[in-house]
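Here the structure is laid out as structure tokens; the discussion comes afterwards.
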Amino acid sequence: MANLSAENVNVWFGQRHVLKDVNLVFPKNEVTALIGPSGCGKSTFIRTLNRMHELIPGAGLAGKVVLDGRDIYDAGVDPVEVRLRVGMVFQKPNPFPTMSIKENVLSGLKLSNRKTSDADGLVETALRRASIWNEVKDRLGDPAISLSGGQQQRLCIARSLAMEPEILLMDEPCSALDPGSTRRIEETILELSEDMTIVIVTHNMQQAQRVSSRTAFFLAEDGNPGQVVEFGSTEQVFNQPIDLRTNDYVNGHFG
Amino acid sequence: MSQNETTAAPERRSLRAKPFAKADRIFYRVSTIAANSSIVLVSLILIFLGIRAWPAFESQGIGFVFGSTWNTSVEPIVMQIGPMLWGSILLSILGVMLAVPMAISIAYFIVFMAGKKLGSSVSVLVDLLAALPSIVLGLWGLLVFSPVAADWAKMLHDALGFIPIFANSGDNFLRSPFIASWVVAVMIVPIIASITREIFSQLDRELISASLALGAGRWSTFRRVILPTAAGGIVGGVLLGLGRALGETVAIYFVLNLIFDINIFNILEPKGGSVASMIMSKFGEASTAEVSGLMAAGVVLFLVTLFVNMLASYIVAKAQPWRK
């Protein structure tokens, strides 16, 4: 069930080779952190997992992303089906400004023309799982952008959860947030990981150690495309890294 | 002696900064003059028009706006612009209805579908269309477009003639509001398209990513995310276009029969009206009294346009409650 893996993934933007031969396996119901300095291709990589590069002109890909035994880039695969199973939370909180809090939670259903028999129940469940229910339950009709940044991000998580994805991708979900909001989102991630596979890009070493069980270290050296230098359990990558460059990075010697 | 009794609040000081540098002073002066002169100009035009128009309003009364007779050979003369005023409004509404879907599609193509090169060359072409003098468009409308559109009109009539809108009593499909509204649409498409393009390109791309990531298709992203977010700006563009449509003179004059008989919605009949075109057609050989009537027509058109613009800013403000 819901096994996700990347096999020899390469990405080009125009002529520029930005990601080379990435092989990663994301075990079910575990949190995998992608770390590395800016420009190493980790955000680029995470976006290959739900085909988000479709929007970028000139983007090209080689290799496979396999979801339950099927390559999601197969000609016969509808990207919409992939995205319904693989949800995503972005770096900057991006609730739909024209919609209320409740409408934002239900927006995925509307956008993909799906129906639910119990909209209120779904809204409550999703907001509870994103641990924001208590803060917004009395003002579900308010515009989503009346919330604070941290609340907006948790609303965006709830919006993804309402679609009941099997895998959740998070691209630096806390980089625009204050420490309090960050801590709450980390708690949410840990709760969600009980029944969900999560892939999270982060710049924050402590965060990777707090939330993830496995870590991949990406690095792009001197104009070369980004590559995975080390991949293993978070414990091992941070405490007994095999590669010297990993050791330098996790100990703050560069990046 | 406590502090409270002795110390009154210190004197309040203005925080406005005076321009010190010479360049700043000149810049301030010029800006102020420019801003004020626009107010002065509009008021002067309105006053001038009002004074010249007053005799017509006085002699014709409220019938000037709502009646449908224009006869300067009887005594006292009758001047009523009802059919022209309605004609202007009808043409603008039809023109906008034709133009808006086209303009939004163009803007969507340029911003979200075309690559950089194709997108910018299409933009240039659309902007060129906006720069087309309306006399040229009028000639094109008369010589090239009218015969073609008359065929379309005939087809519409043959297929849907049982609906009153598409009725036609004779067999003449030329010079109808249908044709004129197409010409109007061609004029306002570039205005609406370039404003919509601007709004689309300022849209937060992350919203589109979010929508796609939730499993939306391109169409539902457009309808439920892009369009609602851009609505206020698009309405603004539409109203600018509407302003131009209401005031359009020459192009309409070439392709429309101006008839002083109110034609509410038979858009295929060769019978329509336009205040601006009427003023132009009659001005050359008008008597003093008639000129006053034409001025009055101008005042009415001005007020209608003003009303439309005010409605516009109201709608734009209401349509984006999240943008304070």
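- Salt bridge annotation for Arg83(A)-Glu54(A): present, with a cationic side-chain nitrogen under 4.0 angstrom from a carboxylate oxygen.
- Checking side-chain atoms of Glu7(A) against main-chain N and O of Val66(A) turns up no donor-acceptor pair under 3.5 Å.
- In this structure, His53(A) contributes its side chain and Thr44(A) its backbone to a donor-acceptor pair below 3.5 Å.
- For the pair Glu172(A) (side chain) and Gln91(A) (backbone), a donor-acceptor distance under 3.5 Å is absent.
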Passes salt bridge (charged side-chain N to carboxylate O under 4.0 Å, His left out), Glu135(A) versus Arg184(A)? Steps please.
-> CA-CA 13 Å; Glu135(A) 293 157 64; Arg184(A) 303 207 45 178; 2.9 Å; yes
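- For the 3.5 Å distance criterion, the side chains of Arg114(A) and Ser112(A) qualify, holding a donor opposite an acceptor.
- Residues of residues 86-109 of chain B placed with any heavy atom under 4.5 Å of a heavy atom in chain A are absent; none qualify.
- The backbone N or O of Met88(A) sits less than 3.5 Å from a side-chain atom of Ser160(A), completing a donor-acceptor pair.
- Residue Pro165(A): no heavy atom, backbone or side chain, is found under 4.5 Å from chain B.
- The greatest number of non-hydrogen atom pairs below 4.5 Å with chain B, out of Ser107(A), Gly87(A), Gly108(A), is found for Gly108(A).
- Within the 3.5 Å criterion, the main-chain N or O of Ser148(A) finds a donor-acceptor partner in the side chain of Gln151(A).
- With His157(B) contributing its side chain and Ala159(B) its backbone, the two residues share no donor-acceptor pair below 3.5 Å.
- With a threshold of 4.5 angstrom between heavy atoms, Asn50(A) approaches chain B through side-chain atoms but not through N, CA, C or O.
- Both the backbone and the side chain of Arg159(A) come within contact range of chain B, with heavy atoms under 4.5 Å apart.
- Counting heavy atoms from C-beta on, the side chains of Val211(A) and Thr202(A) never come closer than 4.5 Å.
- Contact of Asn113(A) with chain B is made through the side chain alone, with heavy-atom distances under 4.5 Å.
- At a threshold of 4.0 Å, the pair Lys64(A)-Asp74(A) does not count as salt-bridged, since none of the basic side-chain nitrogens sits closer than that to a carboxylate oxygen.
- Residues from residues 191-225 of chain B that place a non-hydrogen atom less than 4.5 Å from a non-hydrogen atom of chain A comprise Asp204(B), Glu206(B), Leu207(B), Ile208(B), Ser209(B), Ala210(B), Ser211(B), Leu212(B), Ala213(B), Leu214(B), Gly215(B), Ala216(B), Gly217(B), Arg218(B), Ser220(B), Thr221(B), Arg224(B), Val225(B), given in numerical order.
- Ranking Val80(A), Leu109(A), Asn94(A) against chain B, the residue ahead of the rest is Asn94(A), based on heavy-atom pairs under 4.5 Å.
- The closest side-chain heavy-atom distance from Val308(B) to Leu239(B) is below 4.5 Å.
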